[in-house]
Amino acid sequence: MSETNRDLLWAPWRMAYVTSNESKPVKPICVLEGGDPECFICQAAATEPSNDGDLERLIVGRTESTVTLLNKYPYNNGHLLVTPRRHVSKLEYLTADELNKLTSEVAAWVKIIEEKMNPEGFNVGLNLGRVAGAGLPGHLHWHIVPRWNGDCNFMTTIGSTKAIPQALEAAWSLLRRS
């Protein structure tokens, strides 16, 4: 039986992931005081705002105390990470002001995603510690995952695969704060 284009799943943006060398940082840069040079969030926090640099690091917004970026390996379309600029590994290390600003940023990004992507719900949360699922346990980050009815399709159950319908660059363009 021959395959037709209808039988194929095309995801050309995944080639960068397949052929990437994850041990190599995007571009080595100085990080903020107390930051970890190996931490991609610390690298993002120290990056000067620019279209090229922001797209390369998937930064969609910054404030004085936060950086928000697209998850490079998203659970769903529009999956964001809202992070403190400071390299902090535990909630107790945040100041009350930082925690308030982070909470406000999470709420602001949920509203932005609602307006631009029309999700039907969200998963919002933290993974504290590697055993809890934190891929980067050294730098706190809140996950905002937009959800749509039916966004978990058959591929997750039979092929351990998730189809994300939008390229990261397209999501970056849609969500980026000017």
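All residue numbers in this chain count up from 1 along the given sequence.
The heavy-atom pair separating G135 from R130 by the smallest distance is O-NH1, 3.6 Å. Pairing each heavy atom of P119 with each of I113, the nearest pair is CD-O, 3.4 Å. In this structure, H141 and H139 approach most closely via the heavy-atom pair ND1-O, 2.7 Å. Across L140 and L91, no two heavy atoms sit closer than the pair CD1-N, 3.7 Å. Minimum interatomic distance between P37 and G35 (heavy atoms only, all atoms of both residues): CD-O, 3.7 Å. Nearest heavy-atom pair across V67 and A44 is CG1-CB, 4.3 Å.
With contacts defined as side-chain heavy-atom distances shorter than 4.5 Å, the pair N51/W172 qualifies. Contact of the T68 side chain with the I59 side chain is not registered, since no non-hydrogen atoms from C-beta on lie closer than 4.5 Å. Residues H143 and N123 fail the side-chain proximity criterion, which asks for heavy atoms closer than 4.5 Å. By the 4.5 Å heavy-atom criterion applied to side chains, L58 and K72 are counted as neighbours. Inter-residue side-chain proximity for V31 and C39 is flagged as unmet; no heavy-atom pair is nearer than 4.5 Å.
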Intermediate values then yes/no, side chain to side chain contact (heavy atoms under 4.5 Å, CB included), V60 and L69: CA-CA 5 Å; V60 293; L69 50 152; 5.7 Å; no
Check against side chain to side chain contact (heavy atoms under 4.5 Å, CB included), E169 and L55: CA-CA 7 Å; E169 294 82 3; L55 177 57; 3.9 Å; yes
Derivation and outcome, side chain to side chain contact (heavy atoms under 4.5 Å, CB included), residues T66 and W142: CA-CA 11 Å; T66 68; W142 279 252; over 6 Å; no
Pair W148-M117, side chain to side chain contact (heavy atoms under 4.5 Å, CB included): steps then yes or no: CA-CA 10 Å; W148 292 267; M117 302 181 90; 4.0 Å; yes
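D54 places no side-chain N or O within donor-acceptor distance of the main-chain N or O of P49, the cut-off being under 3.5 Å. Counting only distance, with no hydrogens or angles, the side chain of H79 and the backbone of Y73 share no donor-acceptor pair below 3.5 Å. Panel note: side chain K116, backbone L174; a donor-acceptor pair is recorded below 3.5 Å.
Atom CD of E115 has more than 12 neighbouring heavy atoms from other residues, nucleotides or ligands inside a 6.0 Å radius. The local environment of CD in E92 is crowded, with over 12 non-hydrogen atoms from other residues, nucleotides or ligands closer than 6.0 Å.
Taking hydrophobic clusters as Ile, Leu, Val, Met, Phe, Trp and Tyr residues chained together by side-chain heavy-atom distances below 4.5 Å, L128 shares a cluster with V124. Under the 4.5 Å side-chain contact rule for hydrophobic residues, L70 and V82 share a cluster. In the hydrophobic clustering of this structure, L99 groups with W109; members are Ile, Leu, Val, Met, Phe, Trp, Tyr whose side-chain heavy atoms approach within less than 4.5 Å, directly or through other members. L102 and L175 fall within a single hydrophobic cluster, where Ile, Leu, Val, Met, Phe, Trp and Tyr are joined by side-chain heavy atoms under 4.5 Å apart, directly or via other members. I41 and Y93 fall into different hydrophobic clusters, where Ile, Leu, Val, Met, Phe, Trp and Tyr side chains are chained together by heavy-atom contacts under 4.5 Å.
Here the straight-line distance linking atom CD of Q43 with atom CD of E56 works out to 9.5 Å at 0.5 Å rounding. Of the inter-residue distances, the one linking L94 atom CG with N100 atom CG reads 10.5 Å to the nearest 0.5 angstrom. In this structure, CD in E64 is found 10.5 Å from CD in E98, a value given to the nearest 0.5 Å.
Residue E105 forms a salt bridge (Lys or Arg N to Asp or Glu O under 4.0 Å) with just one option from R177, R85, K111, R62, and that option is R177.
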